[in-house]
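Counting starts at 1 for both ligands and their atoms, following the listed order. Counting begins at 1 with the first residue of the sequence. All values below come from the heavy atoms of this structure, side chains included, with hydrogens, waters and symmetry mates left out.
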Amino acid sequence: MKKVVKFGGSSLASAMQFEKVGNIIRADKSRKYVVPSAPGKRNDKDEKVTDLLYQCYDAAEAGKSYKTILEKIKERYMEIISGLSLNMSLDEEFNVIEKNFLEKAGRDYAASRGEYLNSLIMAEYLGFEFIDAAEVIFFDEDGNFEADLTDQVLSERLSKAETAVIPGFYGSKHDGTIKTFSRGGSDVTGSVVAKAIHADMYENWTDVSGVLVADPRIIKDPEVIETITYRELRELAYMGASVLHEDAIFPVRKEGIPINIRNTNKPEDKGTLIVESTCRQPRYTITGIAGKKGFCSINIEKAMMNAEVGFGRKVLEVFEKYGISFEHMPSGIDTMTVFVHQSEFEEYEQSVIAGIHRAVEPDFVEMESDLALVAVVGRGMKATRGTAGRIFSALAHSRVNVKMIDQGSSELNIIIGVRNSDFEEAIKAIYDIFITTEV
Ligand SMILES: Nc1ncnc2c1ncn2[C@@H]1O[C@H](COP(=O)(O)OP(=O)(O)O)[C@@H](O)[C@H]1O
Ligand SMILES: N[C@@H](CC(=O)OP(=O)(O)O)C(=O)O
């Protein structure tokens, strides 16, 4: 039995957290390969080391004083080392980092040092081998992750290591420069390592007891989802449930390796199991709710639009010309509505509208901004009648005005458009009707 265990920043924010992590790893001999993140926040007001590293690099690059920030970063690691009573020093490492900062090794290099240093400490603490991610995780010249090459090199390298610590978040390009995944990318490293060793399980340890039915910043103490499919999770992750990086799903899914989201502060909790498919009936009709604010809708009306071949394509081509991706596109007989990210759209608003007029000569174009999208996701919805009806009556009851509904053809999700200002209320209403009051 082989497990890959990834620990997020909050799980490694202090010496005390490291001790919890040590206990978790020692409690199960199959936890052989460890992927640490950089130290995260110790409390709400604290800063993540990754953010401090970005700040430090930006200051050094702009020729400003960066020493105070670098000292702050050093202190974070010193506190962990002394708290664990380890006999090691990172002084030499910090000299190299500072020198490279000044020689402009790059912003990604700077950010990656958070995981690099934390992994050196973790390897020392556990007595595991340290394997630098720069030697086993690769990106091409354009910065795209090279999955096949990485898999080949990583599996060969790990076959020679009984136990190992591999820093999360970064790898290298062929010229040796460091490249990171996007923020939260240690989840991706964990997944890639799990694939390479054909792990039986990828455990992703964080500060919540699994994937929650809704964002805990909106719903107090939401229920934990026991089992969720990759597809359901992808829908939720895309719509803002931020517990796992979106790209972390693909490598393990290909190999059929389940992911177990666990809580470092409550290791006795079973967490959430993420699987390809399951015959387990979900506890509730819906599996989860997620959403995002900051959308804009463009409603286009034209009599007999439905008979005009290529109408939709011509409209979408206008958005494409300005590099704007569309999120949803519900349509009626004489209307179609395109939902886009407000931040992407604002700059080109007038050009897009003019383009639509030229392309399809509509009768009417109307826009609305400050909208939010809420996704209600669940494999159980297909088999249950009246789900949409329950959602709308709950929203009406809470006086939330529904601007749009879009049911995906897979019947795995229902997307609802509401005003930004109604976003939290909408999520609460849906949570209440399906979770609090469902038995
Ligand atoms: N549906 C959800 N389920 C669980 N956590 C969620 C959800 N939506 C948002 N979150 C947030 O995601 C956080 C965990 O992700 P992250 O901060 O990346 O952790 P880590 O530092 O361990 O990688 C939780 O603390 C929680 O606030
Ligand atoms: N430290 C990086 C990568 C990462 O995955 O961190 P975490 O596991 O704390 O989300 C970041 O902050 O983006």
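Between R390 and T285 the shortest side-chain heavy-atom distance falls below 4.5 Å.
The pair D269-R262 does not count as a salt bridge, with every side-chain nitrogen at least 4.0 angstrom from each carboxylate oxygen. With respect to the salt-bridge test (charged N to carboxylate O, under 4.0 angstrom), the residues R283 and E223 qualify. Using a cutoff of 4.0 Å between basic side-chain nitrogens and carboxylate oxygens, R419 and D370 are not scored as salt-bridged.
Remark: the Y322 side chain and the E347 side chain contain no N/O donor-acceptor pair separated by less than 3.5 Å. No side-chain donor-acceptor contact under 3.5 Å links E235 and Y230.
If you look at H341 and F295, their ring centroids are closer than 6.0 Å. For F139 and Y170, the distance between ring centers is not under 6.0 angstrom.
At a heavy-atom cutoff of 4.0 Å, ligand 2 is surrounded by K6, G8, G9, S37, K48, T50, E115, F169, R183, G184, G185, S186.
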Find all protein N or O atoms under 3.5 angstrom from an N or O atom of ligand 1 and list the pairs with distances, or write 'none'.
{"residue": "ligand 1", "atom": "1 (N)", "partner": "L212", "partner atom": "O", "Å": "3.0"}
{"residue": "ligand 1", "atom": "3 (N)", "partner": "L212", "partner atom": "N", "Å": "2.8"}
{"residue": "ligand 1", "atom": "12 (O)", "partner": "S242", "partner atom": "OG", "Å": "3.4"}
{"residue": "ligand 1", "atom": "19 (O)", "partner": "T206", "partner atom": "OG1", "Å": "3.2"}
{"residue": "ligand 1", "atom": "21 (O)", "partner": "G9", "partner atom": "N", "Å": "3.3"}
{"residue": "ligand 1", "atom": "22 (O)", "partner": "T206", "partner atom": "OG1", "Å": "2.7"}
{"residue": "ligand 1", "atom": "23 (O)", "partner": "K6", "partner atom": "NZ", "Å": "3.2"}
{"residue": "ligand 1", "atom": "25 (O)", "partner": "D207", "partner atom": "OD1", "Å": "2.8"}
{"residue": "ligand 1", "atom": "25 (O)", "partner": "D207", "partner atom": "OD2", "Å": "3.4"}

Decide yes or no on salt bridge (charged side-chain N to carboxylate O under 4.0 Å, His left out) for D28 and K3, but give the supporting numbers first. CA-CA 9 Å; D28 182 347; K3 286 182 186 167; 2.7 Å; yes
